[in-house]
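Let me begin by presenting the structure, written as structure tokens, before commenting on it.
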Number of protein chains: 2
Amino acid sequence: MSSNSQNLKSIGLKATFPRLKILDLFQKVENRHLTAEDVYRLLIAEDMDIGLATVYRVLTQFEQAGLLERHYFESGKAVFELNEGHHHDHLVCLQCGRVEEFFDPEIEERQNKIAAERGFTVREHALYLYVECLKADCPHKSASSAPAR
Amino acid sequence: MSSNSQNLKSIGLKATFPRLKILDLFQKVENRHLTAEDVYRLLIAEDMDIGLATVYRVLTQFEQAGLLERHYFESGKAVFELNEGHHHDHLVCLQCGRVEEFFDPEIEERQNKIAAERGFTVREHALYLYVECLKADCPHKSASSAPAR
DNA sequence: CCCCGTGTTGAGAATGCGCCTCAAAAGCGC
DNA sequence: GCGCTTTTGAGGCGCATTCTCAACACGGGG
């Protein structure tokens, strides 16, 4: 039915029910950034019978296949997001846990320059800004997941 | 004997043997970046009788007192380093695990700007470059601790 | 369209890092 | 030195993640 079934096969994974559901979830959920626990809870909430171990296993497989990216926000649980090709960095609100994405060509360029000056090539990088909202009405919108951190 | 004894008292901590030893260790070790496990092993190797719990406790106290900084390199264990006032970011060699430090005012500035544009103030940030050595003779120098990561 | 072999799943146990508990021991003001 | 308070060491606990293993599902071949 879905092209996701083909997507999975093309990366050498059987199109099983849990895998399809997890991929679907990432494609339709509003909050792009989910922990393994989030994924588990959301699927259970859809009356699916799935184990946490499967969620972890599938997330790792998807990461290795390049479908998802895994991020380690400050201390604690890993967060996954759909890999849609365009690289970006993250900004995490310390108050409400909200995550925003940004991309700054100048920062990227400086990074490469710094590494090159020391005789290295950047293979990957992690840039996280932990911020506080200036506005008094910081939207403590209870996202699908509890505030990170 | 040491001024460290005074340092500790001035931040409201008794000058106990374990605390003095841990502080000494960070001041004299060549590899600035140590995990709790590293600290534990190094002290045991010096025939000191210390518990891992104490190491964790003291490291956390030192972090809160501003003597040490805690970093979360990619996934896994936290790494501590002496806080000597001058902020910097890190570059980690994927081959030998070596860690170098750098500071780029332009990147710092861009970060603040990006956050400000979105109505946030940067409280703290994490920037790690995971790099590969260009030179064929990448010095896989076995530092006191096993390669991070 | 069913059968079988291999890949996958779910449950619970296991791991690893870090923190907590508690009785024994060590600082330190007097 | 005395005693009160803080700290220590050992082991246990908690959380996130991974492993183990028997039961089960996918999907190619007949």
Side-chain angles (χ1 to χ4, degrees), chain A residues 1-2 4-23 33-41 43-44 46-65 68 70-80 145-149, chain B residues 1-2 4-23 25 33-41 43-44 46-65 68 70-80 145-146 148-149:
Chain A
M1 169 188 272
S2 69
N4 279 337
S5 182
Q6 293 312 313
N7 288 341
L8 290 180
K9 286 180 189 163
S10 71
I11 57 176
L13 294 174
K14 280 188 184 174
T16 65
F17 198 64
R19 299 212 261 239
L20 286 170
K21 284 303 229 169
I22 291 176
L23 189 47
H33 303 87
L34 302 176
T35 65
E37 191 72 27
D38 289 337
V39 172
Y40 177 68
R41 277 199 238 281
L43 292 179
I44 290 293
E46 290 183 10
D47 288 320
M48 200 182 150
D49 181 26
I50 194 172
L52 195 46
T54 303
V55 172
Y56 276 104
R57 234 178 292 139
V58 172
L59 291 177
T60 300
Q61 292 163 345
F62 283 3
E63 183 199 10
Q64 287 168 348
L68 295 179
R70 185 195 301 245
H71 298 287
Y72 300 95
F73 290 163
E74 203 155 288
S75 138
K77 20 188 84 167
V79 172
F80 295 82
S145 62
R149 214 179 192 236
Chain B
M1 168 188 272
S2 69
N4 279 338
S5 182
Q6 293 310 314
N7 287 343
L8 290 179
K9 287 181 188 162
S10 70
I11 58 176
L13 293 175
K14 282 188 182 174
T16 65
F17 197 64
R19 298 212 261 240
L20 286 170
K21 284 302 227 169
I22 291 176
L23 189 47
L25 182 61
H33 303 88
L34 302 176
T35 65
E37 193 71 27
D38 289 337
V39 172
Y40 176 69
R41 276 199 238 280
L43 292 180
I44 290 293
E46 291 183 9
D47 287 320
M48 200 182 150
D49 182 25
I50 194 171
L52 196 46
T54 302
V55 173
Y56 276 106
R57 232 177 295 143
V58 172
L59 291 177
T60 300
Q61 291 162 345
F62 283 2
E63 183 198 10
Q64 287 168 348
L68 295 179
R70 184 194 302 244
H71 298 288
Y72 300 95
F73 289 164
E74 204 155 286
S75 139
K77 19 189 82 166
V79 172
F80 295 82
S145 60
R149 221 201 176 212

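Numbered from 1 within each chain, the chains take letters A, B, ... in sequence-line order. This structure is a prediction, so every number in the text was calculated from the model and none was measured.
- The CG-C1' distance, from A:N4 to D:dC26, rounds to 17 Å in whole Å.
- Nucleotide D:dT8 holds its C1' atom 16 Å from the NZ atom of B:K21, rounded to whole Å.
- The OH atom of A:Y72 sits 15.0 Å away from atom CZ of B:F73, with the distance rounded to the nearest 0.5 Å.
- Here the closest non-hydrogen pair linking A:I50 and A:Y40 is O-CE1, 3.2 Å.
- Distance CD1 (A:I22) to P (C:dT8): 13 Å, rounded to an integer number of Å.
- If you measure from atom OH of A:Y40 to atom P of C:dT9, you get 15 Å, rounded to the nearest angstrom.
- The interatomic distance linking A:M48 (CE) with C:dT8 (C1') rounds to 12 Å, in whole Å.
- The distance from the CD atom of A:E37 to the OH atom of A:Y56 is 6.0 Å, given to the nearest 0.5 Å.
- Across every non-hydrogen atom of B:V55 and B:I22, the tightest pair is CA-CD1, 4.2 Å.
- With rounding to the nearest 0.5 Å, the separation of OG1 in B:T54 from CE in B:M48 is 8.0 Å.
- In this entry the distance linking CG of A:L59 with C1' of D:dT17 reads 11 Å, nearest Å.
- Between the side chains of A:T35 and A:D38, at least one donor-acceptor pair of N or O atoms lies under 3.5 Å.
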The contact string for nucleotides 24-29 of chain C, one letter per nucleotide 5' to 3', using protein heavy atoms under 4.0 Å with B, S and - for base, sugar-phosphate only and none, comes out as ---BS-

B/S/- along nucleotides 16-22 of chain C (protein heavy atoms under 4.0 Å) is -SBSB--

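- Across all non-hydrogen atoms, the minimal contact from B:A65 to B:I11 is CB-CD1, 3.5 Å.
- Under the 3.5 Å distance criterion, the side-chain polar atoms of B:R19 are matched with a main-chain donor or acceptor of B:K14.
- A distance of 9.5 Å separates CG of A:L13 from CD of A:Q64, quoted to the nearest 0.5 Å.
- Separating the CD1 atom of A:I11 from the C1' atom of C:dG7 is a distance of 15 Å, rounded to the nearest angstrom.
- The distance from atom CG of A:D49 to atom P of D:dA23 is 17 Å, rounded to the nearest whole Å.
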